[in-house]
Undergrad: 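Structure incoming, see below.
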Amino acid sequence: MTHRATAESRSSRPDSPFPTVTDTDIHRVRQTIITWFEIAARPLPWRDADTSAWAVLVSEIMSQQTPVSRVEPRWREWLQKWPTPADLAQAPTAEVLHSWDRLGYPRRALRLQEAARVIAEELDGRVPRTAQELERLPGIGAYTAAAVASFAHGERTTVLDTNVRRVLIRLFAGRDRPSASPGRAETGWASQFVPETDHEKWNAGIMEFGALVCTARNPRCQSCPLNDICAWQKAGRPASAEKPKTQKWAGTDRQLRGAIMDVLKSAHAETTSDFPDSVALDLFTASTTTIDSDLLDAVGHATSESLTKMRDLTADSDRILRIIDGLVVDGLAAQHEERLSLPQ
DNA sequence: AACGCGGGGTG
DNA sequence: CACCCAGCGTT
């Protein structure tokens with residue numbers, strides 16, 4: 001008795017990370033979000049009833065850290081070119097990367113093809129139904145596994161993306177934004193909101209609500225249907241003390257790697273036929289992974305010494321030498337070196 | 001838990 | 001320019 005009371009009072013303190021939520025509020029939020037979703041949802045193509053599980057999986061991979069508005073055209077082209085896992089499994093990797101275009105994090109494209117090969121060759125071409133099975137595939141973590149199980153197969157899962165986390169934390173913990181990454185405690189806490197029926201509408205709806213109403217920067221609190229129970233609203237919408245750390249871009253390896261990708265993709269577009277088996281493919285692939293430090297170092301410090309190193313790396317490809325020379329001529333390499341050698 | 005990983009849109 | 005976006009894998 002005493003123990004139980006202590007635990008409850010502790011978990012329901014306002015500053016608790018994941019406060020106790022009353023059944024009344026749980027039902028109110030479920031009903032409100034599902035009703036709102038049926039009216040306000042964006043007509044995203046992968047939500048169509050005839051979308052295959054594979055197509056849903058592709059949409060989720062493409063949407064990782066990428067706004068859905070940029071995903072939609074790429075998704076359409078991708079599924080037209082490779083409608084099934086077997087199609088993507090057989091595609092030249094260089095073409096896969098080229099079709100990824102500028103969606104960012106091109107390693108996702110490589111892992112999507114790896115996943116396609118596992119599905120095509122080991123799973124009889126069928127996308128796994130459960131989150132547990134899905135999470136074994138390359139490039140699929142907790143979020144994507146739960147999302148594909150729910151949206152492609154109607155499994156009851158707890159989908160916890162950046163939107164869901166922000167909405168629930170604001171509503172019930174009164175904080176501006178969630179922690180850097182979700183833990184088991186948060187996932188368990190969030191699972192209580194997922195209803196027994198209509199769980200797919202809840203999962204999609206709460207995500208959509210975070211994307212359209214309870215947004216990160218300028219939330220539409222005036223038109224929010226949950227305004228009256230929102231703990232963050234009641235607390236005066238306090239801003240988080242912690243500033244999120246922003247990645248550098250200009251002057252870093254990432255900028256140079258992007259430049260290399262651009263040049264290699266142009267080369268690929270010109271000569272699709274001879275590209276896949278060339279050294280260019282190796283570099284093209286390598287430049288999307290973390291094993292390219294030698295390459296970047298060589299280009300980034302475009303001295304005669306590093307060019308020698310580069311020529312060793314690309315000994316049998318005149319094409320790549322011309323690409324590297326082009327980078328040097330464009331001044332990208334020199335610019336990069338200049339920034340790297342700034343005094344600490 | 002903390003990093004590194006693209007690229008672009010937005011305030 | 002800083003922040004943010006349907007995260008994942010590694011350390």
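Protein chains get the first letters and strands the later ones, always in sequence-line order, with residue 1 at the start of each.
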Undergrad: Under 4.0 Å between a side-chain N/O of A:R166 and OP1 or OP2 of C:dC5, yes or no?
TA: yes
Undergrad: Classify A:T162 by what it touches in the nucleic acid, base, sugar-phosphate, or nothing, heavy-atom distance under 4.0 Å.
TA: sugar-phosphate
Undergrad: Among C:dC4, C:dA6, B:dG6, find the nucleotide with the atom closest to the side chain of A:P244.
TA: C:dC4
Undergrad: With sugar-phosphate meaning primed atoms plus P, OP1 and OP2, does A:T144 contact a base, only sugar-phosphate, or nothing at under 4.0 Å between heavy atoms?
TA: sugar-phosphate
Undergrad: In whole angstroms, how far is the P atom of B:dG8 from the CZ atom of A:R102?
TA: 4 Å
Undergrad: Closest to the A:R70 side chain: C:dG9, B:dG11, B:dG6?
TA: B:dG6
Undergrad: Test A:W78 against every option in A:V96, A:V71, A:D101, A:I61 by the side-chain contact (heavy atoms from CB on, under 4.5 Å) rule and name the one that passes.
TA: A:V96
Undergrad: Between A:D101 (CG) and B:dG7 (P), how many Å, whole number?
TA: 10 Å
Undergrad: Quick one: label A:I140 by what it contacts on the DNA or RNA (base, sugar-phosphate, nothing), any heavy atom closer than 4.0 Å.
TA: sugar-phosphate
Undergrad: Step by step, would you call A:M62 with A:W46 a side-chain contact (heavy atoms from CB on, under 4.5 Å)?
TA: CA-CA 12 Å; A:M62 287 184 171; A:W46 44 85; over 6 Å; no
Undergrad: Can you check whether A:K245 has a side-chain N or O nearer than 4.0 Å to OP1 or OP2 of B:dC3?
TA: yes
Undergrad: Taking 4.0 Å as the cut-off, does a side-chain nitrogen or oxygen of A:R217 come that near to OP1 or OP2 on C:dC5?
TA: no
Undergrad: Could you tell me the separation between the OH atom of A:Y105 and the P atom of B:dG8, rounded to a whole number of Å?
TA: 13 Å
Undergrad: Quick one: on DNA chain B, does A:N218 or A:G183 contact a more 5' nucleotide (nearest heavy atom)?
TA: A:G183
Undergrad: Mapping A:K243 and A:L137 to their closest nucleotides on DNA chain C, which lands nearer the 5' end?
TA: A:K243
Undergrad: Are the side chains of A:E72 and A:R42 in contact, using a 4.5 Å heavy-atom criterion?
TA: no
Undergrad: Please state the P separation for the pair C:dC8 and B:dG8 - nearest whole angstrom.
TA: 22 Å
Undergrad: Of all the choices, B:dG6, C:dA6, C:dA2, which nucleotide is nearest to the side chain of A:E208 once you look at every atom?
TA: C:dA6
Undergrad: Can you say whether a donor on the side chain of A:T66 sits under 3.5 Å from an acceptor on the base of B:dG6, or the other way round?
TA: yes
Undergrad: How close or far is atom P of C:dC8 from atom CD of A:E135, stated in whole angstroms?
TA: 8 Å
Undergrad: Of the listed nucleotides (C:dC5, C:dA6, C:dG9), which one gets closest to any side-chain atom of A:A216?
TA: C:dC5
Undergrad: Does the side chain of A:E77 come under 3.5 Å of the side chain of A:S99 through a donor N or O and an acceptor N or O?
TA: no
Undergrad: Mind calculating the distance between OH (A:Y143) and P (C:dC8) to the nearest angstrom?
TA: 8 Å
Undergrad: Whole angstroms only, please: what is the CZ-C1' distance between A:R165 and C:dC4?
TA: 14 Å
Undergrad: C:dC5 phosphate, OP1 or OP2: any side-chain N/O from A:Q65 under 4.0 angstrom?
TA: no
Undergrad: Heavy atoms under 4.0 Å, any strand shown: does A:G141 hit a base, just sugar-phosphate, or nothing?
TA: sugar-phosphate
Undergrad: Under 3.5 Å, is there a donor on one side chain and an acceptor on the other for A:T162 and A:R177?
TA: no
Undergrad: With side-chain hydrogen bond (donor to acceptor under 3.5 Å, both in side chains) as the criterion, how do A:T215 and A:R166 come out once you've worked through the C-alpha distance, each side chain's angles and the decisive distance to 0.1 Å?
TA: CA-CA 8 Å; A:T215 55; A:R166 182 178 57 249; over 6 Å; no
Undergrad: With a non-hydrogen cut-off below 4.0 angstrom, is A:L160 in contact with a base, only sugar-phosphate, or nothing?
TA: nothing
Undergrad: Considering only the P atoms, how many Å lie between C:dA6 and B:dG11, rounded to the nearest integer?
TA: 14 Å
Undergrad: DNA chain C: A:G139 or A:W46, which has the more 5' nearest nucleotide?
TA: A:W46
Undergrad: Looking only at N and O atoms, is any donor in the side chain of A:R107 or the base of B:dG6 less than 3.5 Å from an acceptor on the other one?
TA: no
Undergrad: Classify the angle between the aromatic ring planes of A:F193 and A:F172 as parallel (below 30°), tilted (30 to 60°) or perpendicular (above 60°).
TA: parallel
Undergrad: Using a heavy-atom cut-off of 4.0 Å across all strands, would you classify A:A142 as base, sugar-phosphate, or nothing?
TA: sugar-phosphate
Undergrad: Using the C1' atom as the reference point in each nucleotide, state the distance between C:dC3 and B:dG6 in Å, no decimals.
TA: 15 Å
Undergrad: Just how far, in rounded Å, is P of C:dC3 from NZ of A:K248?
TA: 10 Å
Undergrad: In whole angstroms, how far is the P atom of C:dC5 from the CD atom of A:E60?
TA: 16 Å
